[in-house]
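Okay, so here's the structure we're looking at.
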Amino acid sequence: MSFIVSKFKCKGITFFSLLHVTHYSSRFSTAAVASIEPKIPPDFSSCIVQDKDLLLKSLNPSGTGLHVLDLVDERSLEPHPTLYHLLLKKCTFLRKPKLGKIVHAHISNSLFRGDVVILNTLLNMYARCGCLDDARNLFDEMSVKDMVTWTTLITAYSQHDRPLDALLMFPQMLSLGFFPNEFTLSSLLKASAALPDTPQIYFHGAQLHGFSFKCGFHSNVYVGSSLLDMYARCGCMDEAHFVFDVLPTKNEVSWNALIAGHARKGQLDRALSLFLKMLRQDFQPTHFTFSSIFGACASTGSLEQGKWVHAHVIKSGGEIIAFMGNTLLHMYAKSGSIQDAKMIFDRLVKRDLVSWNSMLTAYAQHGLGKEAVQCFQKMLNIGLVPNDITFLCLLTACSRAGLLEEGQYYFKSMKRYNIEPGISHYVTIVDLLGRAGLLNEALRFINEMPIQPTAAVWGALLGACRMHKNVEMGSFAAERVFELDPHDSGPHVLLSNIYASGNRWRDAAKVRKLMKESGVKKEPACSWVEIQNTVHMFVASDDSHPQMGAIYKKWEEISARIKEIGYVPDTSHVLFYMDEQEREVKLQYHSEKLALAFALLNSPDGSTIRIKKNIRVCGDCHSAFKFVSKVVGREIIVRDTNRFHHFYDGSCSCGNFW
DNA sequence: GTAGGGTTAG
């Protein structure tokens with residue numbers, strides 16, 4: 001009997017051959033194979049190699065090697081199971097489940113139709129190719145299963161965003177007498193960590209922790225890393241550290257999971273100190289490590305720290321691949337350096353859709369609508385297909401830059417790409433129309449929407465009413481927001497501002513009363529500025545800073561200078577009723593003004609001042625900052641929750657759209 | 001034959 005593919009060992013090395021003839025094992029050679037089966041073409045006979053891929057390649061240099069099955073059928077040969085394994089591996093690697101189905105059909109007609117190891121490999125092929133229905137059907141059909149069968153399907157669900165399906169299999173497998181191993185537990189833990197909310201993660205995760213501990217799996221590096229990741233995703237960093245500390249063997253994945261946990265919580269300092277500790281213990285940071293840290297720098301707007309970590313990437317000589325590069329680009333954009341973001345984009349080794357979307361977002365955040373439109377066109381020209389996020393970024397960019405016609409055009413063009421606009425797209429269009437002052441059109445647009453408008457949709461209209469001082473429509477929009485989301489402080493403040501700007505103080509007081517009654521608390525506004533690696537934070541009317549006397553004095557001096565060139569305080573931005581003079585005093589001590597005065601006192605002349613704020617910059621501060629940039633001849637960059645404002649020589653990059 | 005960590009919007 002000849003086998004078409006086989007595996008054999010010679011002098012301790014594993015070889016793969018087309019033929020295996022038992023009595024020839026001691027004098028095996030290429031020539032010998034050919035002489036036993038002379039009808040086999042010469043390129044087949046020379047296929048004694050160490051590398052499985054090379055073997056399949058030589059069977060069919062340009063394809064998968066699948067045609068060897070035709071040969072098997074033609075000659076009525078009995079394939080060795082290694083052939084099936086190799087072919088299935090190849091289909092998995094190439095992500096070609098259709099070819100895998102051909103192998104499946106062949107297996108079903110062979111002696112191995114009930115072989116659990118081969119069927120597990122087949123199951124894994126379907127799972128890795130994302131054919132979960134095929135995998136499930138095969139699983140259900142398998143009369144003999146083992147623990148690997150169960151683990152393979154659990155992993156399939158866990159890796160394809162079906163955590164509940166994965167977790168549900170665990171009690172079933174136990175009740176049928178299959179005992180899990182470390183592979184099963186790490187997949188189950190990954191599934192629990194992907195559940196939609198923290199209590200659910202903790203509920204399932206902690207039980208799996210107990211199970212792992214009882215079986216001694218918790219000291220396995222895979223199980224340990226999944227465990228600490230699970231705790232980190234619940235925000236339980238103490239538990240995550242505990243799991244990490246007791247893990248006997250750590251690797252870069254365990255480190256990365258811990259660093260990512262802190263990074264997600266915005267704890268940049270802790271993420272960075274772990275990064276340094278990791279380096280000191282001779283673990284090599286990976287793209288995962290850098291990606292997490294850049295993400296944390298982006299969310300905290302920490303440009304200096306981000307640059308420092310970027311220098312590490314450069315020093316380590318690694319290429320800037322898309323995954324890490326996208327986060328790096330995002331970090332530069334969100335920390336206020338659009339030039340650096342563009343530079344990273346240009347230098348990316350391979351750009352994917354996320355890279356383009358991130359660049360569009362960068363332009364949107366900086367109010368560069370025309371650049372975003374050009375970027376989108378370039379993306380289409382190279383043949384990339386946009387997705388829903390692409391349009392969201394593009395529409396946001398149009399809205400922020402006041403590109404009304406372009407925004408409407410691109411919104412309509414979404415259907416051409418088979419993308420159904422989601423609620424976020426509708427919000428952006430309401431924003432676009434509203435900012436442009438087309439309040440009636442915005443309202444009509446909302447009424448004609450095919451999906452139910454949410455609080456965000458009405459909130460966008462409310463914001464536009466604030467901008468264009470439309471009290472009636474503003475209060476109508478606010479009512480709708482309060483019905484849908486009664487606990488958000490933002491709309492309450494907006495409505496109160498709308499009333500205040502129309503001098504309707506009684507109505508403003510009513511809003512305040514409503515806030516009090518429904519327990520809605522306004523987030524305290526704060527601004528922060530970094531001077532010489534120290535972050536200084538300010539809240540309105542703050543007097544806790546040691547330099548406060550000098551700061552107040554500085555602002556009074558600046559305030560007098562900007563009034564000389566035309567600044568008029570806009571007191572409608574004060575929430576409460578008080579007389580005009582009191583309101584002006586209140587305005588003077590908004591946190592961003594204190595931060596600016598502090599920065600002017602403590603940074604070199606001519607240097608750029610970067611201020612961050614936890615809520616949107618107030619209209620009066622926005623106006624004042626324009627004048628300040630002219631008077632002191634410096635660039636001031638303010639990052640608020642929405643976007644960046646680059647103040648320079650008396651104007652702002654946002655063109656008063658924000 | 002089966003396993004863990006990272007990206008864009010809001």
Side-chain angles (χ1 to χ4, degrees), chain A residues 81 84-85 88-89 92 115-125 127-128 146-156 158-159 166 180-191 193 217 220-230 232-233 240 247 251-261 263-264 285-296 298 321-331 333-334 345 348 352-362 364-365 387-397 422-425 427-428 431 454 456 459-460 641-642:
Chain A
Y84 289 134
H85 282 296
L88 288 170
K89 283 252 167 207
T92 310
D115 185 303
V116 70
V117 177
I118 288 192
L119 293 180
N120 285 344
T121 314
L122 188 58
L123 186 66
N124 186 47
M125 183 277 297
R128 297 283 280 272
D146 64 8
M147 180 258 293
V148 175
T149 321
W150 284 85
T151 303
T152 305
L153 196 62
I154 288 174
T155 305
S158 153
Q159 289 179 339
N181 65 3
E182 293 90 334
F183 289 68
T184 332
L185 258 303
S186 53
S187 281
L188 286 167
L189 281 162
K190 181 186 162 85
F217 296 151
N220 172 286
V221 68
Y222 284 84
V223 175
S225 305
S226 318
L227 253 179
L228 78 90
D229 179 57
M230 179 277 294
R233 281 174 200 276
L247 203 56
N251 63 12
E252 65 279 7
V253 178
S254 357
W255 282 95
N256 290 345
L258 200 59
I259 290 174
R264 271 191 299 267
T286 66
H287 291 133
F288 288 79
T289 330
F290 290 124
S291 197
S292 300
I293 293 179
F294 290 140
I321 60 158
F323 237 114
M324 179 190 66
N326 295 342
T327 336
L328 183 57
L329 186 169
H330 174 62
M331 185 276 291
K334 265 212 126 175
F345 180 77
L348 277 180
D352 59 14
L353 188 57
V354 176
S355 322
W356 287 87
N357 289 353
S358 303
M359 198 61 230
L360 286 174
T361 307
Q365 282 165 339
N387 65 3
D388 54 339
I389 295 177
T390 315
F391 278 100
L392 199 56
C393 302
L394 177 66
L395 295 175
T396 308
I423 196 75
S424 316
H425 300 98
V427 173
T428 319
D431 196 53
T454 56
T641 41
N642 257 13

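Here is the naming used below: chain letters follow the sequence lines, and residue numbers restart at 1 for every chain.
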Stacked pair A:F290-B:dG6, distance under 5.5 Å, angle under 30°: no
Side chain of A:K190 - closest among B:dG4, B:dT2, B:dG6: B:dG4
Student check: side-chain heavy atoms of A:H425 and A:D388 closer than 4.5 Å: yes
Test item: A:S187 side-chain N/O and A:T184 main-chain N/O as donor-acceptor pair under 3.5 Å: no
Nearest-nucleotide pick for A:S291, side chain only, options being B:dT7, B:dG4, B:dT2: B:dT7
Proximal nucleotide (of B:dG6, B:dA3, B:dG4) relative to the A:V253 side chain: B:dG4
Closest to the A:S226 side chain, choosing from B:dT2, B:dG4, B:dA9: B:dG4
Residue A:C393, side-chain heavy atoms: nucleotide from B:dG6, B:dA3, B:dA9 that is nearest: B:dA9
Base B:dG4 to side chain A:N220, donor-acceptor N/O within 3.5 Å cut-off: no
Candidate nucleotides B:dT7, B:dA9, B:dG6, ranked by approach to the side chain of A:N326 - the nearest: B:dT7
A:M147 side-chain proximity, nearest of B:dT8, B:dT2, B:dT7: B:dT2
Selected nucleotide, minimal atom distance to A:F288 side chain, candidates B:dG6, B:dT2, B:dT7: B:dG6
Any donor-acceptor N/O pair, A:D229 side chain to A:A232 backbone, under 3.5 Å: no
B:dG4 OP1/OP2 closer than 4.0 Å to side-chain N/O of A:R233: no
Minimum-distance nucleotide to A:V354 side chain [options: B:dT8, B:dA9, B:dG4]: B:dT8
Pair of N/O donor and acceptor under 3.5 Å linking B:dA3 base with A:S187 side chain: no
OP1 or OP2 of B:dG4 under 4.0 Å from side-chain N/O of A:Q159: yes
